[in-house]
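Because the structure is predicted, anything quoted here is derived from the model rather than measured.
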Amino acid sequence: MAIENLNEFLAGYFQSHHCQLLSNKNGILQVQLTEEMDRALMNRPFYWHYIKKMGREGEPKQLTFITNPDKREEQGEWIHFGSPRLQQILRHLKQNEKYTKLFQRVDTHVNTPMYPWLVVNLKISYKGKQKKEEIFSLGLQMVTGEMRAEMMNTLRTIPLQQTISDYCYTISPIIRLNSGYKRMEAVIDNYIENQTHEWAKASLLAMKEDIDTLKHFYVEQTDIETETMEKEIAEIEERYRPVISYEVINGGMFYLSKV
(Lines give C-alpha, C1' and ligand atoms only; values in the text may rest on other atoms or scores of the structure.)
Protein backbone atom coordinates (compact mmCIF):
# COMPACT_ATOMS: atom_id res chain seq x y z
CA MET A 1 0.00 0.00 0.00
CA ALA A 2 2.88 2.37 0.54
CA ILE A 3 3.67 4.68 -2.34
CA GLU A 4 7.05 3.22 -3.14
CA ASN A 5 7.31 4.93 -6.54
CA LEU A 6 8.49 8.33 -5.43
CA ASN A 7 9.00 9.35 -9.05
CA GLU A 8 5.26 8.99 -9.74
CA PHE A 9 4.40 10.88 -6.57
CA LEU A 10 6.63 13.81 -7.57
CA ALA A 11 5.40 13.83 -11.17
CA GLY A 12 1.80 13.97 -9.97
CA TYR A 13 2.61 16.67 -7.44
CA PHE A 14 4.23 18.99 -9.99
CA GLN A 15 1.66 18.31 -12.69
CA SER A 16 -1.15 19.14 -10.28
CA HIS A 17 0.60 22.49 -9.70
CA HIS A 18 0.77 23.20 -13.44
CA CYS A 19 4.51 22.63 -13.76
CA GLN A 20 5.80 21.27 -17.08
CA LEU A 21 7.56 17.91 -16.98
CA LEU A 22 10.49 18.40 -19.34
CA SER A 23 11.72 14.83 -19.00
CA ASN A 24 10.83 11.77 -16.95
CA LYS A 25 13.02 8.75 -17.69
CA ASN A 26 14.73 6.05 -15.62
CA GLY A 27 14.07 7.73 -12.29
CA ILE A 28 15.26 11.16 -13.41
CA LEU A 29 12.57 13.83 -13.43
CA GLN A 30 13.20 17.27 -14.89
CA VAL A 31 10.63 19.94 -14.04
CA GLN A 32 10.03 23.50 -15.13
CA LEU A 33 8.63 25.33 -12.12
CA THR A 34 5.92 27.94 -12.34
CA GLU A 35 6.45 31.25 -10.55
CA GLU A 36 4.14 30.08 -7.78
CA MET A 37 6.11 26.87 -7.22
CA ASP A 38 9.45 28.68 -7.46
CA ARG A 39 8.28 30.99 -4.69
CA ALA A 40 7.12 28.00 -2.64
CA LEU A 41 10.21 25.80 -3.00
CA MET A 42 13.27 27.82 -4.00
CA ASN A 43 13.51 30.37 -1.18
CA ARG A 44 14.24 33.35 -3.46
CA PRO A 45 12.10 36.15 -1.97
CA PHE A 46 14.64 38.89 -2.77
CA TYR A 47 14.87 37.77 -6.40
CA TRP A 48 11.11 37.91 -6.89
CA HIS A 49 10.86 41.21 -5.01
CA TYR A 50 13.50 42.73 -7.30
CA ILE A 51 11.93 41.29 -10.48
CA LYS A 52 8.48 42.60 -9.64
CA LYS A 53 9.88 45.98 -8.66
CA MET A 54 11.54 46.18 -12.07
CA GLY A 55 8.29 45.19 -13.79
CA ARG A 56 9.76 42.04 -15.30
CA GLU A 57 8.35 38.52 -15.59
CA GLY A 58 11.12 36.60 -13.87
CA GLU A 59 12.51 33.17 -14.71
CA PRO A 60 11.33 30.27 -12.53
CA LYS A 61 13.94 27.57 -11.95
CA GLN A 62 14.21 24.21 -13.62
CA LEU A 63 14.84 21.30 -11.24
CA THR A 64 16.10 17.79 -11.85
CA PHE A 65 15.18 15.15 -9.28
CA ILE A 66 16.82 11.73 -9.11
CA THR A 67 14.82 8.95 -7.46
CA ASN A 68 16.69 6.00 -8.96
CA PRO A 69 19.52 4.98 -6.58
CA ASP A 70 21.55 3.70 -9.55
CA LYS A 71 21.50 7.21 -11.05
CA ARG A 72 22.25 9.23 -7.93
CA GLU A 73 25.73 10.23 -9.15
CA GLU A 74 24.30 11.97 -12.21
CA GLN A 75 23.67 15.70 -12.29
CA GLY A 76 20.56 16.59 -10.32
CA GLU A 77 19.12 16.46 -6.82
CA TRP A 78 18.96 13.03 -5.16
CA ILE A 79 15.58 12.87 -3.42
CA HIS A 80 14.33 10.08 -1.18
CA PHE A 81 12.03 9.47 1.77
CA GLY A 82 13.45 11.54 4.61
CA SER A 83 15.37 13.96 2.38
CA PRO A 84 15.01 17.69 3.15
CA ARG A 85 13.47 18.43 -0.26
CA LEU A 86 10.76 15.81 0.15
CA GLN A 87 10.01 17.13 3.64
CA GLN A 88 9.66 20.60 2.12
CA ILE A 89 7.21 19.30 -0.48
CA LEU A 90 5.17 17.47 2.15
CA ARG A 91 5.07 20.63 4.30
CA HIS A 92 3.88 22.61 1.29
CA LEU A 93 1.07 20.13 0.74
CA LYS A 94 0.17 20.14 4.41
CA GLN A 95 0.18 23.92 4.81
CA ASN A 96 -1.46 24.95 1.56
CA GLU A 97 -3.55 22.12 0.23
CA LYS A 98 -4.56 19.92 3.11
CA TYR A 99 -8.22 19.49 2.17
CA THR A 100 -10.08 19.78 -1.10
CA LYS A 101 -13.38 18.92 -2.79
CA LEU A 102 -13.29 17.98 -6.47
CA PHE A 103 -15.57 16.43 -9.07
CA GLN A 104 -14.77 14.18 -12.00
CA ARG A 105 -15.24 15.97 -15.29
CA VAL A 106 -17.87 14.05 -17.24
CA ASP A 107 -19.10 14.75 -20.76
CA THR A 108 -22.65 13.45 -20.71
CA HIS A 109 -26.20 14.37 -21.71
CA VAL A 110 -27.94 11.92 -19.38
CA ASN A 111 -28.33 12.04 -15.61
CA THR A 112 -25.14 10.60 -14.13
CA PRO A 113 -24.57 9.81 -10.44
CA MET A 114 -21.31 10.89 -8.78
CA TYR A 115 -20.17 8.76 -5.86
CA PRO A 116 -18.30 10.25 -2.88
CA TRP A 117 -14.77 9.01 -2.17
CA LEU A 118 -12.89 10.07 0.93
CA VAL A 119 -9.23 10.22 -0.06
CA VAL A 120 -6.50 10.65 2.56
CA ASN A 121 -2.73 10.75 2.11
CA LEU A 122 -0.87 9.85 5.28
CA LYS A 123 2.76 9.76 6.34
CA ILE A 124 3.98 7.04 8.70
CA SER A 125 7.15 7.96 10.61
CA TYR A 126 9.43 5.40 12.25
CA LYS A 127 11.80 6.97 14.76
CA GLY A 128 14.59 5.12 16.53
CA LYS A 129 18.28 4.52 15.91
CA GLN A 130 17.40 5.18 12.29
CA LYS A 131 14.47 7.07 10.79
CA LYS A 132 12.18 5.97 8.01
CA GLU A 133 8.99 7.28 6.45
CA GLU A 134 6.28 5.84 4.24
CA ILE A 135 3.50 7.59 2.38
CA PHE A 136 0.09 5.97 2.00
CA SER A 137 -2.80 7.04 -0.19
CA LEU A 138 -6.14 5.49 0.75
CA GLY A 139 -9.55 5.95 -0.83
CA LEU A 140 -12.86 4.97 0.76
CA GLN A 141 -16.10 4.87 -1.22
CA MET A 142 -18.51 6.46 1.22
CA VAL A 143 -21.57 4.52 0.01
CA THR A 144 -20.36 0.94 -0.41
CA GLY A 145 -17.36 1.02 1.94
CA GLU A 146 -14.93 -0.13 -0.76
CA MET A 147 -11.33 0.66 0.22
CA ARG A 148 -8.58 1.28 -2.31
CA ALA A 149 -4.83 1.60 -1.82
CA GLU A 150 -2.64 4.00 -3.83
CA MET A 151 -5.71 6.09 -4.60
CA MET A 152 -3.66 9.02 -5.86
CA ASN A 153 -2.45 6.85 -8.75
CA THR A 154 -6.11 6.30 -9.69
CA LEU A 155 -6.97 10.00 -9.39
CA ARG A 156 -4.10 10.98 -11.68
CA THR A 157 -5.91 9.17 -14.52
CA ILE A 158 -9.20 11.03 -13.93
CA PRO A 159 -9.92 14.61 -15.08
CA LEU A 160 -11.00 16.64 -12.06
CA GLN A 161 -12.54 20.06 -11.57
CA GLN A 162 -13.96 22.19 -8.78
CA THR A 163 -17.56 22.22 -10.05
CA ILE A 164 -19.88 19.36 -10.92
CA SER A 165 -20.46 18.68 -14.62
CA ASP A 166 -23.81 19.27 -16.27
CA TYR A 167 -26.38 16.47 -15.95
CA CYS A 168 -24.47 15.02 -12.98
CA TYR A 169 -25.70 14.73 -9.40
CA THR A 170 -24.06 13.61 -6.17
CA ILE A 171 -24.97 10.55 -4.15
CA SER A 172 -25.20 11.27 -0.42
CA PRO A 173 -22.65 9.39 1.72
CA ILE A 174 -23.95 6.56 3.89
CA ILE A 175 -20.74 6.34 5.91
CA ARG A 176 -20.08 9.30 8.20
CA LEU A 177 -16.83 11.20 7.68
CA ASN A 178 -15.46 10.39 11.15
CA SER A 179 -16.36 6.73 10.77
CA GLY A 180 -14.71 6.61 7.36
CA TYR A 181 -11.48 8.04 8.69
CA LYS A 182 -11.49 5.54 11.56
CA ARG A 183 -11.71 2.74 8.99
CA MET A 184 -8.60 4.12 7.35
CA GLU A 185 -6.83 4.35 10.69
CA ALA A 186 -7.69 0.68 11.28
CA VAL A 187 -6.04 -0.25 7.97
CA ILE A 188 -2.87 1.66 8.88
CA ASP A 189 -2.83 0.23 12.41
CA ASN A 190 -3.17 -3.29 11.01
CA TYR A 191 -0.35 -2.65 8.54
CA ILE A 192 1.94 -1.43 11.33
CA GLU A 193 1.07 -4.30 13.68
CA ASN A 194 1.84 -6.94 11.04
CA GLN A 195 5.40 -5.76 10.42
CA THR A 196 8.36 -7.55 12.02
CA HIS A 197 9.90 -4.27 13.32
CA GLU A 198 13.48 -5.51 13.29
CA TRP A 199 14.49 -1.84 13.27
CA ALA A 200 12.83 -1.40 16.68
CA LYS A 201 14.67 -4.39 18.13
CA ALA A 202 17.96 -2.98 16.82
CA SER A 203 17.15 0.41 18.38
CA LEU A 204 16.39 -1.11 21.78
CA LEU A 205 19.61 -3.14 21.65
CA ALA A 206 21.67 -0.06 20.74
CA MET A 207 19.95 1.90 23.53
CA LYS A 208 20.80 -0.79 26.10
CA GLU A 209 24.42 -0.93 24.94
CA ASP A 210 24.85 2.84 25.18
CA ILE A 211 23.22 2.99 28.62
CA ASP A 212 25.39 0.11 29.90
CA THR A 213 28.52 1.86 28.61
CA LEU A 214 27.44 5.11 30.25
CA LYS A 215 26.76 3.42 33.60
CA HIS A 216 30.15 1.74 33.48
CA PHE A 217 31.77 5.13 32.93
CA TYR A 218 29.94 6.68 35.87
CA VAL A 219 30.49 3.80 38.31
CA GLU A 220 31.37 5.00 41.84
CA GLN A 221 30.88 8.66 40.97
CA THR A 222 29.47 11.37 43.22
CA ASP A 223 25.77 12.21 43.58
CA ILE A 224 26.16 15.27 41.36
CA GLU A 225 27.67 13.15 38.60
CA THR A 226 24.92 10.58 39.14
CA GLU A 227 22.36 13.28 38.36
CA THR A 228 24.29 14.05 35.19
CA MET A 229 24.29 10.35 34.31
CA GLU A 230 20.51 10.12 34.72
CA LYS A 231 20.10 13.12 32.43
CA GLU A 232 22.32 11.51 29.81
CA ILE A 233 20.41 8.23 30.10
CA ALA A 234 17.17 10.11 29.44
CA GLU A 235 18.74 11.67 26.36
CA ILE A 236 19.83 8.25 25.08
CA GLU A 237 16.33 6.87 25.63
CA GLU A 238 14.83 9.82 23.77
CA ARG A 239 17.22 9.25 20.87
CA TYR A 240 16.85 5.48 20.54
CA ARG A 241 13.41 4.54 21.88
CA PRO A 242 11.30 3.23 18.94
CA VAL A 243 8.30 5.39 18.15
CA ILE A 244 5.81 4.99 15.31
CA SER A 245 3.44 7.81 14.42
CA TYR A 246 1.36 8.85 11.46
CA GLU A 247 -0.26 12.05 10.33
CA VAL A 248 -2.48 13.27 7.54
CA ILE A 249 -0.62 15.10 4.78
CA ASN A 250 -3.73 16.07 2.87
CA GLY A 251 -7.01 14.69 1.62
CA GLY A 252 -10.46 15.53 0.46
CA MET A 253 -13.79 14.40 -0.91
CA PHE A 254 -13.80 13.37 -4.56
CA TYR A 255 -17.06 12.78 -6.41
CA LEU A 256 -16.46 10.20 -9.13
CA SER A 257 -18.49 8.15 -11.54
CA LYS A 258 -17.93 4.42 -11.07
CA VAL A 259 -14.19 3.67 -11.32
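- Here the shortest heavy-atom pairing between Ile89 and Phe14 reads CD1-CZ, 4.3 Å.
- Between the Thr112 side chain and the Val110 main chain, a donor and an acceptor come within less than 3.5 Å of each other.
- Residues Gln104 and Ser257 bring a donor and an acceptor atom of their side chains to less than 3.5 Å of each other.
- Residues Arg85 and Phe65 are in side-chain contact: their nearest non-hydrogen atoms beyond the backbone lie under 4.5 Å apart.
- Closest approach of Arg239 to Lys127, counting heavy atoms only: O-NZ, 4.3 Å.
- For Glu134 and Tyr191, the side-chain atoms include at least one donor-acceptor pair closer than 3.5 Å.
- Scored by the salt bridge (charged side-chain N to carboxylate O under 4.0 Å, His left out) test, Lys208 finds Asp212 as partners (sequence neighbours excluded).
- The aromatic rings of Tyr255 and Phe103 lie parallel to each other, their planes meeting at an angle below 30°, with 60° marking the opposite boundary.
- Side-chain atoms of Ser203 come within 3.5 Å of backbone atoms of Lys129 as a donor-acceptor pair (strictly under, hydrogens ignored).
- Counting heavy atoms from C-beta on, the side chains of Glu232 and Thr228 come closer than 4.5 Å.
- Side-chain contact, Tyr167 with Asp107: no donor N or O sits under 3.5 Å from an acceptor N or O.
- In this structure, Gln88 and Leu41 approach most closely via the heavy-atom pair NE2-O, 2.9 Å.
- Other members of the hydrophobic cluster containing Ile66, listed by chain and number, are Ile28, Trp78; membership follows side-chain contacts under 4.5 Å among ILVMFWY residues, whether direct or relayed.
- Using a 4.5 Å heavy-atom cutoff, the side chains of Ile171 and Pro116 are in contact.
- A side-chain donor-acceptor contact under 3.5 Å links Asn250 and Asn121.
- Of all non-hydrogen atoms in Leu33 and Asp38, the two that sit nearest each other are CD1-CA, 3.9 Å.
- Using a distance-only test at 3.5 Å, with no hydrogens or angles considered, no donor-acceptor pair links the side chain of Gln195 to the main chain of His197.
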